[in-house]
Novice: 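Sharing a structure, written as structure tokens. Questions coming.
Read the numbers this way: they start at 1 and go in the same order the structure lists the ligands and their atoms.
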Amino acid sequence: MTYDITIIRPEMKADAVRPRGRDLDETKRKALKKGLRALHSLEIMATKIYKCQITSEPSELNTALTAAMCNEMTHMQDFQTKLYEYGFKPDKFRVRYWAAGYVFGLGSRMLGRERMLKTGIWVETKAVHHYGELLNGAEWDAETRVFIEKDWADEYGHIARWKEFLEHPGGMVDTRSA
Ligand SMILES: [Fe+2]
Ligand SMILES: [Fe+2]
């Protein structure tokens with residue numbers, strides 16, 4: 001299945017929210033909980049990293065970072081909603097990920113453009129790996145699988161975007177509408 005990664009906040013209707021996975025056995029539910037919590041925390045970190053990397057200067061990179069931040073907020077909301085649909089709560093220690101995002105975001109911004117982009121690639125690569133584990137490691141209903149796959153595709157899109165910026169240090173050709 002292919003996903004449109006130019007949509008950074010897909011439409012969601014109220015009746016898309018429903019109880020899920022309540023009749024699964026304990027082992028399966030445990031795997032779901034672990035995966036959803038990990039991704040929710042990671043998305044909190046990604047949102048915070050991009051938020052801290054944005055400066056007030058109008059630039060191509062700042063616009064791209066703002067779009068990525070918006071997309072990560074969507075991912076965070078997706079996983080938070082899924083956690084509650086399945087009857088779970090977010091990780092109690094998720095504030096650590098928020099703090100780590102702050103440190104990585106601000107720290108990389110101070111070290112310059114290249115370090116900033118490489119930090120983005122590093123965290124997205126981590127996310128892509130977790131998404132793979134999450135998809136294969138638990139039993140998802142078809143609707144949730146689509147959510148996860150779309151968010152996964154978005155992360156690949158972010159990696160590609162930061163690589164493009166790295167390859168064009170002096171500004172780049174906008175290929176988004178091509
Ligand atoms: Fe994300
Ligand atoms: Fe991402």
Side-chain angles (χ1 to χ4, degrees), residues 1-12 16 32-55 60-86 88 90-91 93-109 113-138 140 143-167 172 174-176:
M1 208 161 167
T2 52
Y3 294 92
D4 184 354
I5 61 165
T6 63
I7 299 172
I8 56 175
R9 181 169 286 172
E11 183 186 66
M12 184 176 176
L32 288 165
K33 181 161 82 177
K34 188 168 171 258
L36 287 173
R37 278 184 170 175
L39 261 302
H40 178 242
S41 297
L42 212 58
E43 297 298 352
I44 289 174
M45 182 165 91
T47 304
K48 192 67 187 165
I49 288 177
Y50 294 139
K51 183 176 176 293
C52 290
Q53 287 183 336
I54 302 165
T55 65
E60 237 180 335
L61 180 57
N62 277 329
T63 305
L65 286 169
T66 306
M69 176 190 70
C70 173
N71 193 210
E72 301 300 0
M73 286 196 285
T74 304
H75 296 171
M76 187 189 77
Q77 291 176 344
D78 284 346
F79 285 106
Q80 191 159 320
T81 306
K82 291 295 157 206
L83 276 168
Y84 284 94
E85 284 181 332
Y86 277 95
F88 306 134
D91 188 342
F93 302 108
R94 65 193 179 283
V95 69
R96 290 179 189 170
Y97 286 80
W98 184 94
Y102 182 79
V103 171
F104 290 133
L106 207 63
S108 63
R109 193 180 99 190
R113 187 179 186 277
E114 193 183 325
R115 184 43 49 199
M116 218 163 77
L117 291 165
K118 284 185 174 166
T119 301
I121 293 169
W122 168 76
V123 73
E124 297 290 355
T125 306
K126 220 173 157 57
V128 159
H129 174 74
H130 274 283
Y131 271 94
E133 278 186 348
L134 184 68
L135 270 174
N136 299 325
W140 303 102
E143 288 167 344
T144 303
R145 183 166 279 274
V146 167
F147 259 93
I148 300 172
E149 285 180 0
K150 161 69 171 89
D151 292 357
W152 197 15
D154 290 338
E155 313 301 15
Y156 277 110
H158 292 154
I159 293 176
R161 191 100 182 104
W162 307 145
K163 284 188 174 164
E164 272 180 67
F165 272 99
L166 271 180
E167 282 161 19
M172 33 175 255
D174 194 342
T175 53
R176 279 172 299 178

Novice: Assess whether atom NZ of Lys34 is packed by more than 12 heavy atoms of other residues, nucleotides or ligands within 6.0 Å.
Specialist: no
Novice: Indicate yes or no: does Lys82 engage Asp78 in a salt bridge with an N to O separation below 4.0 Å.
Specialist: no
Novice: What angle sits at the Fe ion (ligand 1) between OE2 of Glu155 and OE1 of Glu43, to 10°?
Specialist: 130°
Novice: Side chains of His75 and Glu72: is there a donor and an acceptor less than 3.5 Å apart?
Specialist: yes
Novice: Hey, which N, O or S atom on Glu72 ends up closest to the Fe ion (ligand 1)?
Specialist: OE1
Novice: Taking 2.8 Å as the cut-off, does Asp154 contribute an N, O or S atom near the Fe ion (ligand 2), distance below it?
Specialist: no
Novice: What N, O or S atom of His75 is found closest to the Fe ion (ligand 1)?
Specialist: ND1
Novice: Looking at Lys163 and Glu167, is there a salt bridge between them, counting it only when a charged N and a carboxylate O are closer than 4.0 Å?
Specialist: no
Novice: Walk me through it: do Trp122 and Phe104 pass the test ring pair (Phe, Tyr, Trp, His ring centres under 6.0 Å)?
Specialist: CA-CA 11 Å; Trp122 168 76; Phe104 290 133; 5.0 Å; yes
Novice: Output the atom name for the N/O/S atom of His158 with the smallest distance to the Fe ion (ligand 2).
Specialist: ND1
